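Here's the structure we're looking at; comments come further down.
Just so you know, these numbers use all the heavy atoms, side chains as well, and skip hydrogens, waters and symmetry mates. None of these values were measured; they are calculated from a predicted model.
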Amino acid sequence: MFSLLSIGCGNSTARTEQNTAADSASFVIRFDKTMGDKDGFYLNGYIVPVPFNMIDSLHGKLIEVSGVITVHKGAEEYMKEQGEEVQARSGPSKHIMNPVIKIVSTESKAK
């Protein structure tokens with residue numbers, strides 16, 4: 001069974017964002033709801049936002065994630081460039097801000 005979910009979330013600080021529209025990612029991974037923080041979930045080296053109401057239904061399932069990669073500058077880099085402190089991760093991070101998520105396998109390893 002295949003399911004297609006189009007997820008759109010935007011919770012980034014605009015002044016620390018650097019778009020790299022030419023770069024995109026697509027990968028298959030087993031979703032683990034324990035691998036998240038306030039910005040999203042750590043999936044295959046990217047931070048991917050997932051709506052709160054979908055987290056439990058995706059947990060343990062094999063999913064395909066695809067989308068455009070956005071690089072957020074880290075606080076240290078922003079401080080060097082602008083001389084101004086911001087609240088952000090210390091180093092740059094890769095995000096997939098409007099991911100397309102497909103459930104590849106509905107069999108869940110998590111119980």
Side-chain angles (χ1 to χ4, degrees):
M1 175 181 203
F2 289 93
S3 181
L4 176 64
L5 309 168
S6 183
I7 300 171
C9 296
N11 57 356
S12 66
T13 305
R15 62 184 180 176
T16 62
E17 187 173 309
Q18 175 184 352
N19 289 325
T20 54
D23 295 328
S24 63
S26 182
F27 54 89
V28 175
I29 192 166
R30 191 161 304 275
F31 185 79
D32 182 353
K33 69 181 181 180
T34 66
M35 298 301 293
D37 68 11
K38 66 179 181 61
D39 293 328
F41 289 84
Y42 296 94
L43 304 175
N44 206 39
Y46 302 97
I47 299 171
V48 181
V50 177
F52 183 76
N53 63 343
M54 299 186 68
I55 294 169
D56 286 334
S57 65
L58 293 176
H59 183 64
K61 296 193 172 72
L62 198 60
I63 61 171
E64 180 180 357
V65 178
S66 59
V68 175
I69 300 168
T70 302
V71 177
H72 290 219
K73 295 178 186 179
E76 294 170 358
E77 183 179 353
Y78 192 77
M79 179 69 171
K80 287 178 188 175
E81 290 177 2
Q82 304 296 323
E84 194 177 317
E85 288 189 32
V86 295
Q87 183 177 353
R89 287 170 168 57
S90 61
S93 55
K94 294 181 181 180
H95 298 249
I96 300 178
M97 295 308 299
N98 294 306
V100 174
I101 298 176
K102 297 177 186 177
I103 297 175
V104 176
S105 173
T106 58
E107 290 184 26
S108 175
K109 274 193 164 181
K111 299 291 178 185

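To the nearest 0.5 Å, atom CD1 of residue Ile101 and atom CD1 of residue Ile29 are 11.0 Å apart.
In this pair, Phe31 and His59 present their aromatic rings perpendicular. The plane angle is above 60°, beyond the 30 to 60° band.
For residues 43-54, no pair satisfies salt bridge (charged side-chain N to carboxylate O under 4.0 Å, His left out), with sequence neighbours left out. A salt bridge (charged side-chain N to carboxylate O under 4.0 Å, His left out) check over residues 43-54, counting only residues at least two apart or in different chains, returns nothing.
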| task | I would like to know whether Val28 and Leu62 meet side-chain contact (heavy atoms from CB on, under 4.5 Å); could you show each step before the answer? | result | CA-CA 7 Å; Val28 175; Leu62 198 60; 3.6 Å; yes
| message | Does Ile63 form a side-chain contact (heavy atoms from CB on, under 4.5 Å) with Leu58? I'd like the steps, not just the answer. | response | CA-CA 8 Å; Ile63 61 171; Leu58 293 176; 4.1 Å; yes
| request: Assess whether side-chain hydrogen bond (donor to acceptor under 3.5 Å, both in side chains) is satisfied between Asp37 and Tyr42, documenting all intermediate values. | output: CA-CA 8 Å; Asp37 68 11; Tyr42 296 94; 2.7 Å; yes
| request: Give the intermediate values and the outcome of side-chain contact (heavy atoms from CB on, under 4.5 Å) for residues Phe27 and Ile96. | output: CA-CA 12 Å; Phe27 54 89; Ile96 300 178; 3.9 Å; yes
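Here the shortest heavy-atom pairing between Ser57 and Lys61 reads O-NZ, 2.7 Å.
Under the 4.5 Å side-chain heavy-atom criterion for grouping Ile, Leu, Val, Met, Phe, Trp and Tyr, Val65 is connected to Met54 within one hydrophobic cluster.
Under the salt bridge (Lys or Arg N to Asp or Glu O under 4.0 Å) criterion, Lys94 pairs with no residue, sequence neighbours left out.
With a 4.5 Å cut-off on side-chain heavy atoms, Pro49 and Pro99 count as touching. Side-chain contact check for Lys33 versus Asp56: some heavy-atom pair is nearer than 4.5 Å.
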